[in-house]
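One structure is given here, and the rest of the page talks about it.
Note on naming: letters A, B, ... go to the chains in the order of the sequence lines (proteins, then strands), and numbering restarts at 1 for each one. Just the heavy atoms: all of them, side chains too, but no hydrogens, waters or symmetry mates, feed the values below.
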Amino acid sequence: MSSVSNPAPSARLVGFLLVLPALAVIVGLFLMPLAISVIGAFRTPDGWGLANFTKSADLYSIDVLYTVGVIGLSTLLIGLLSIAIGGYLTLGENPRAVALLRWLYRWPLFIPFIVVGQMMRTFLAKNGLMNNVLVAAGLMAPLDTVSFLDWRGIVISFVWKQTPLVALLVAGAMASLDRGTIEAARNLGAGRLRILVEIVVPQVMPTLLVGLTLSFVTMMSVLSVPLMVASQSPTVITADIAFRINAYADYGVANALGVISLVITGGVAWFYLRHTMRERL
Amino acid sequence: MSAESFLELNGLRVGYGGEAVLSDISMAIARGQFVALLGASGCGKTTLLRTIAGFIHPDAGVIRVEGRDITAAPPDRRDMALMFQSYALWPHMTVAQNIGYGLKLRRVPRPEAAARVAELAASLGLADLLQRKPGQLSGGQRQRVALGRALAVSPRILLLDEPLSNLDARIRVSVRQEIRALQQQLGITAIHVTHDREEAMVLADRIVILNAGRIAQVGTPEAVYNAPVSPFVAAFMGAENVLVLASEPAGDRIRIAPGPANEAAEVPRAGRDLTRGAIEARFRPHEARLHPAGAAVAPDALALHGQVLSVSYPGGQWRHMVRTGAADILVDASQAFAPGSAVTVEVPAPVLYLFNPAAPDPQTSRGATDRPVPNASA
């Protein structure tokens, strides 16, 4: 831009006016609230300080670890399932099975998180559909049934809801690969699993990482699923934030927890950026 | 017999959605032979190569290697290596990993594999580039990595899918020589797909000309060039000047009746089975001679009368567009004739290709290489 000769002042004003609405929206609806929340995290009844963070650490350090664990595991499973789905769509040799999978795997994309939570609640409960089916099929005694409405329920819900998005991105990237790179490996004698792991996945790694980063950040901000599926202690940070505000109107600790989850997603974003920068070199 | 049929194709038919792309493909290739599959784009030559490699299953027919039926065998059980037109190198692997991948799949011990990769890289001039990724290589270097990757597993048959078409013209000529030298040195059987006539002529022991999914002619470069069996092959081999003449076979001679633009002539029959009546004559611009009007021609030659329409200099010789009767033909000469001058074109008998009039078929018209592909039924 700087190399272009300077426009007349009036033209510059018109340009500024054109950008102004968008700028106002970003500043007013995004940057301001963010700044107020971050600042709010350091405001205590006794003035500025780290008291909100100490309190968060005392009350919720287990929950922070729990959040990272549950969402990290979900991300890992989403990655593996997306590779499996994309891989089958790309390398599958049964055209009908491929067409069926292509038609089927995207459905959860169109179902909101709250509905996913509700479905999973009735599906995974001790007397839920899953256990009823297992018992009816004679695979399990009625007394042996357990509820999955804990961390496992959250992971299952997240994976079920988020896999299609990542699979969509990954399958698209796999479909646009030079088929020759797959055929060349096949020609030399590589099996399908080996082609997937050694030829296909390395080439779509940047897309996979984008999908997983987006998914991680989305899951970090979901409140409905943990509330519906497993709100007992320990739970995820979003549920704690809602609780601090709804039960105690304690915006200070809620803001501090918000900053902590921002730091976690920021860390993931940094990891992703570092990886892509290294790829470019 | 066994040497002749190292790789044997018998009655191959390949179709996409009911439409035949290849039909009735039969040929035998001897061990160590370099065969070029030559044809215009869309004639099915890449499909044939991919069928031989095992990526496409034929609807009918048999592929045999040393008498063993491999028609249904998967690509990696055929002892063939395919080199792709796009090279299809793996961008996330180094040159050494690309070349060595086939050895890794075959569980060749690491030191042995490394030695083989180093040896191949040295013979391909890639020794200093082993740790680079394909993105950091030039087109010619990528092409050699792809060749190295195909050769690393010591296949018995090397399949090359237009390997030179992505290189610029000057590199192409030198790489052509390298491929031929390497193939002879290794004694490997090679099948090379190309649309470039000169490339096929220079590289191959035998040329297979494909037209609309069928074999138009198989032979040595000189046989295909000097004795084309059909107007299509003649046109593909550069005999693009086409005339319609009236013939009258008489014993071992063929009499050509005088026409509006040609004088009577008599040429040796040379085993040609020509009908009486209209026939198609073809010849190459540089094999005809141009004289001032009325000049005498050799006894066995065909003389045509015409007028120069235009003249250009593509290099070496002057190229004249000559109108003779209803046809415009191209004739090269070492001296330029001015546009408008009346000329006699002399076509010596050995380079005058005569064919029976073809069935109504677009492939017999001029410029066969540049036209859209005729239907499979052609």
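- With no hydrogens or angles considered, a side-chain donor-acceptor pair links B/D69 and B/T71 at under 3.5 Å.
- Remark: A/L80 CG is packed, more than 12 non-hydrogen atoms of other residues, nucleotides or ligands lying under 6.0 Å away.
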At a cut-off of 3.5 Å, what donor and acceptor atoms pair up between chain B and chain A?
| unit_1 | atom_1 | unit_2 | atom_2 | d |
| --- | --- | --- | --- | --- |
| B/R50 | NH1 | A/E183 | OE1 | 2.8 |
| B/R50 | NH2 | A/E183 | OE1 | 3.4 |
| B/R50 | NH2 | A/E183 | OE2 | 2.8 |
| B/M80 | O | A/N187 | ND2 | 3.3 |
| B/L82 | N | A/N187 | OD1 | 2.8 |
| B/S86 | OG | A/D178 | OD2 | 3.0 |
| B/W90 | NE1 | A/T181 | O | 2.7 |
| B/H92 | NE2 | A/E198 | O | 2.7 |
| B/Y101 | OH | A/E198 | OE1 | 2.5 |
| B/R106 | NH1 | A/L188 | O | 2.8 |

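- For B/L89, the part lying near chain A is the backbone, with the side chain staying farther off; criterion is any non-hydrogen pair under 4.5 Å.
- With a threshold of 4.5 angstrom between heavy atoms, B/M83 does not approach chain A through any atom at all.
- For the residue pair B/G213 and B/I25, the shortest heavy atom distance occurs at O-CD1, 3.6 Å.
- Between A/M174 and A/G87, the shortest heavy-atom contact is SD-N, 3.6 Å.
- Remark: B/R176 pairs with B/E198 by the side-chain hydrogen bond (donor to acceptor under 3.5 Å, both in side chains) rule, at least two apart or across chains.
- Looking at B/Q183 and B/H192, their side chains never bring a donor and an acceptor atom within 3.5 Å of each other.
- A distance-only check finds no donor-acceptor pair linking the side chain of B/R13 to the backbone of B/D59 [under 3.5 Å].
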